[in-house]
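First up is the structure itself, then whatever we jot down about it.
Keep in mind that what you see is a predicted model, and the values were worked out from it rather than measured. Each chain gets a letter, A, B and so on, in the order the sequences are listed, and its residues count up from 1.
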Amino acid sequence: MSFIIKLQKNSSPANQITKSVADVYTFTGTLKDGSSMQDPVVMVENSGAITGVNYADISDFGRKYFIKDIKSTYNNMWDISLHSDALSSFASQIKACSGIVSKQEFSWNLYLTDNEFRCYQNPHVVQKAFPAGFAYSDFCKVIAILGEKQSV
Amino acid sequence: MPRVYGYTADFGPLRLVPQFNWAKFNCEFPPTTPSFHPGDNRTTMAGMSESEMNFILFKGESVTVCDQSNFVGKSNGYVYILSEFKIYDENDLWTSKYCYIGIRLINTYNDGGIIQYRLTLSIGRTDASHEIEADYHYDTGVINLASGHAKCNLAMCQRTYEGYTYYGLVLFKADTTDPYNQPYQLNTLWFLKSTFGGACPSGDNTKVGEETDPNKLDPDPESGEGGGGGDHDPDSDIVTEEDITTLNSIKGGFITYYKITDAQLETLAHELFSSSIWDAIKNYFEKPQEIIAGMMLLPITPADGSTFHPKYGINVLNDVSLPEVGARFKDKSCGSIYVGEYYGSCFDYSPFTQIAIYLPFIGMRDLDTDEIMGKWITVTYRIDCYTGNCLASILVGDGTAGSNTVRYQFSGNCGQQMPISSVDFSQIINGAIQFATVAAVSVATAGGAGAAAGAAATEAGASAAEAGMIAESAQAAATTKAAADIGGAAVSNVMNNKPVISRSGSVGESIGMMSVLKPYLIRKIPRQSLPGNYKHYKGYPSNITSTIGGLSGYSVMDSVQLQGIPGTDGEIAEIDRILKGGFYA
């Protein structure tokens with residue numbers, strides 16, 4: 001079967017849901033026999049080398065792909081090995097899912113502990129004195145004497 | 001050296017503190033790199049060296065900035081400001097030219113980035129008749145100078161003092177009629193944009209970034225306390241000590257306690273050993289000094305009572321007039337200090353930060369960091385002038401009237417028994433030796449409520465005492481570190497392997513009098529190693545419920561319910577792995 005395949009350059013990290021891509025080539029490709037939808041091998045024809053691409057979009061499959069390999073076979077034919085980018089392919093459905101966030105860049109609370117925080121071995125040792133204490137000038141002797149007392 | 005006025009490291013929560021309502025200083029020199037409003041027609045003033053500058057430095061608590069129609073903000077950093085100040089010299093005259101009034105912003109969430117902000121510092125007369133407002137825009141520099149009565153002739157600028165950066169403005173006094181020799185107060189401090197703790201929308205209402213803490217949204221049942229039906233009532237009672245006047249009604253019967261000076265002691269001894277007195281009382285005592293039940297040196301001066309001559313039977317010691325100890329118990333306050341957060345994070349609390357307190361005549365005692373962090377700590381002593389026993393109470397409060405509650409009580413003995421006979425003297429020496437022996441045995445004491453075993457004075461003058469030391473935690477036992485802990489170990493591993501150190505032994509009685517006489521806190525704070533932009537690469541702890549689409553930036557899911565995704569099993573498993581391993585929305 002033949003289908004339209006866009007070869008693109010992806011400048012976003014692999015673990016980003018919505019990627020920033022730029023179209024480089026658009027081919028009509030053929031799926032190699034025995035290929036899966038998740039890891040297809042697509043055959044395209046191009047007279048020159050296929051360069052500057054690392055991403056692909058096959059709308060007929062409803063998926064976006066990382067380019068794993070580009071192999072020249074014969075007579076201007078190229079085998080392009082792809083791996084499904086499930087994160088981007090199903091971005092809208094993923095964004096509708098919910099869960100518990102353990103770490104976040106913008107919504108966080110640092111009063112929650114994190115075992116990955118690291119610290120140096122030389123902690124701060126802070127000493128703070130109270131404003132008042134005892135003073136030698138206040139020292140006083142007290143004597144206990146048996147018996148009674150007579151007013152002066 | 002620059003002269004700094006109105007600065008203390010222990011200012012604590014923002015409130016009107018009488019001694020810091022005003023600060024006198026000489027305002028002398030402007031910043032070295034002043035920048036001027038384009039419309040200002042004053043000549044450039046020559047910069048002076050920083051050593052000749054004077055600063056007023058203010059400290060307060062972290063504040064939530066004013067709500068404005070254009071922008072609201074919240075800061076979890078520390079903003080140090082003073083509530084009110086006056087500006088004049090020692091002679092109450094405004095004689096100097098310039099005064100720099102600055103504030104220090106501390107980003108407690110140090111992500112290695114630059115503090116971005118736009119802030120407006122407004123100071124005005126306390127009678128509200130005169131206001132100065134200057135606007136400092138970090139990104140573009142000063143964008144607005146003074147408005148209103150426009151007596152501020154220099155723009156807000158940045159100054160560095162002792163390694164800290166201050167943002168403020170300089171007041172310039174033009175002539176003797178200048179109205180600046182009046183009390184001023186800090187009116188407002190507005191953040192327009194900040195990267196620390198809580199960003200706020202900019203003036204044009206575009207969002208800078210959602211840096212709010214959803215766990216602090218109130219109410220937010222999605223991040224609430226949870227539980228199985230408890231009442232969630234954290235209110236507690238205020239626990240106070242009894243009124244000391246009630247205790248003072250308990251007095252001795254056959255013994256009278258007097259205050260005595262060295263000169264009076266000599267006179268007493270002279271009279272006791274005189275033949276007239278000794279002949280009168282020798283049928284009752286073997287030695288003249290047996291009429292003296294005991295003598296003690298106290299670190300406080302008891303209240304004065306009436307003056308009397310000691311009397312035994314018909315025999316009156318007329319040569320010596322001694323003031324009676326007017327009240328048996330006396331309170332001694334050591335004041336209060338504020339224990340503020342260093343980080344504004346979990347590191348400020350146990351087990352990461354450890355706090356101990358040294359109490360004169362008692363020694364070092366551990367305090368629960370969680371109980372006192374962010375609170376005012378007050379130490380008061382209650383001393384029994386008859387026995388020398390002392391009880392140190394540690395009160396914890398939030399700084400408002402009536403908020404102090406007794407949280408810890410530790411006992412000791414602050415009276416130094418003074419020998420009257422050879423028997424007394426040898427017993428005192430033996431007691432001191434026992435002190436040293438007992439103090440060498442480490443005893444772990446709980447830092448919680450309840451009095452530790454104190455040192456009670458006996459007739460012999462010796463008493464048992466316990467060593468003070470940093471209490472052992474359940475985990476702190478090893479004195480060697482695992483190899484994996486060397487260099488940037490995780491905080492929990494480090495805390496578990498640090499050895500426990502004893503900071504003081506017994507400090508009661510005479511040893512206490514030779515020791516430090518002022519209480520102090522020791523706080524051990526971990527030094528965090530935080531790479532730049534950490535939250536972008538690893539994220540900060542969150543623990544909220546959200547849709548994936550509701551997140552921005554870097555996120556890590558703890559658990560996620562994936563449904564409605566038309567992918568294969570393998571693809572869904574991969575999505576789950578990526579979401580839990582970290583992704584960018």
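Looking at Tyr349(B), the atoms closer than 4.5 Å to chain A (heavy atoms on both sides) all sit in the side chain, from C-beta outward. Proximity to chain A (any heavy atom under 4.5 Å) is shown, for Ser306(B), by neither the backbone nor the side chain. Of the two parts of Leu317(B), neither the backbone nor the side chain holds a non-hydrogen atom closer than 4.5 Å to a non-hydrogen atom of chain A. Heavy atoms closer than 4.5 Å to chain A are found in the side chain of Lys332(B), but not in its backbone. Residue contact with chain A, scored on non-hydrogen atoms closer than 4.5 Å, involves the backbone and the side chain of Gln561(B) alike. With a 4.5 Å cut-off on non-hydrogen atoms, Ile572(B) does not touch chain A at all. Within the 4.5 angstrom heavy-atom criterion, no atom of Thr261(B) approaches chain A. At a 4.5 Å heavy-atom cutoff, the contact between Val379(B) and chain A is made by backbone and side-chain atoms alike. Contacts between Ile578(B) and chain A at a heavy-atom distance below 4.5 Å involve the side chain alone, from C-beta outward. If you measure heavy-atom distances from Pro13(A) to chain B, the contacts under 4.5 Å come from the side chain alone. For Ala135(A), the part lying near chain B is the backbone, with the side chain staying farther off; criterion is any non-hydrogen pair under 4.5 Å.
Interface remark: of the candidates Ile94(A), Val142(A), Ile17(A), Val142(A) forms the most heavy-atom pairs closer than 4.5 Å to chain B. Most heavy-atom pairs under 4.5 Å with chain A, from the set Gly335(B), Gly549(B), Cys346(B): that is Cys346(B). Heavy-atom pairs under 4.5 Å with chain A peak, among Ser546(B), Gly581(B), Gly550(B), Ala585(B), at Ser546(B). Comparing Val516(B), Val339(B), Thr307(B), Ile357(B) by heavy-atom pairs within less than 4.5 Å of chain A, the highest count is held by Thr307(B). Interface check for chain A: of the options Leu268(B), Ile377(B), Leu265(B), the most heavy-atom pairs under 4.5 Å are formed by Ile377(B). Chosen from Ile100(A), Thr113(A), Asp138(A), the residue pairing most often with chain B at heavy-atom distances under 4.5 Å is Ile100(A). The candidate with the highest count of non-hydrogen atom pairs below 4.5 Å against chain A, out of Val316(B), Leu297(B), Asn318(B), Asp262(B), is Leu297(B). Interface check for chain A: of the options Pro566(B), Pro302(B), Gly567(B), the most heavy-atom pairs under 4.5 Å are formed by Pro566(B). Contact count against chain B (heavy-atom pairs under 4.5 Å) is highest for Lys141(A) among Gln16(A), Met37(A), Lys141(A).
In this structure, the ring of Phe130(A) has its center no less than 6.0 angstrom from the ring center of Tyr520(B). Less than 6.0 angstrom separates the ring centroid of His124(A) from the ring centroid of Tyr342(B).
Environment of NZ in Lys580(B): crowded, with over 12 heavy atoms of neighbouring residues, nucleotides or ligands closer than 6.0 Å.
A donor-acceptor pair under 3.5 Å is formed between the side chain of Asp348(B) and the backbone N or O of Ser345(B). A donor-acceptor pair is defined here as one N or O able to donate and one able to accept, closer than 3.5 Å; such a pair exists between the side chain of Tyr136(A) and the backbone of Met513(B). The backbone N or O of Asn10(A) lies less than 3.5 Å from a partner atom in the side chain of Asn54(A), making a donor-acceptor pair.
Remark: Asp85(A) engages Lys19(A) in a salt bridge, criterion side-chain N to carboxylate O under 4.0 Å. Between Lys538(B) and Asp114(A) no salt bridge is recorded (no basic side-chain N to carboxylate O distance below 4.0 Å). With salt bridges taken as basic N to acidic carboxylate O contacts below 4.0 Å, one links Glu571(B) and Arg63(A). At a threshold of 4.0 Å, the pair Lys32(A)-Asp79(A) counts as salt-bridged, since one of the basic side-chain nitrogens sits closer than that to a carboxylate oxygen.
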Exercise. Could you walk me through whether Thr547(B) and Ser98(A) pass the side-chain hydrogen bond (donor to acceptor under 3.5 Å, both in side chains) check?
Worked result: CA-CA 4 Å; Thr547(B) 59; Ser98(A) 60; over 6 Å; no

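A pairwise comparison of heavy atoms in Asn15(A) and Gly582(B) identifies ND2-O, 3.0 Å as the closest pair.
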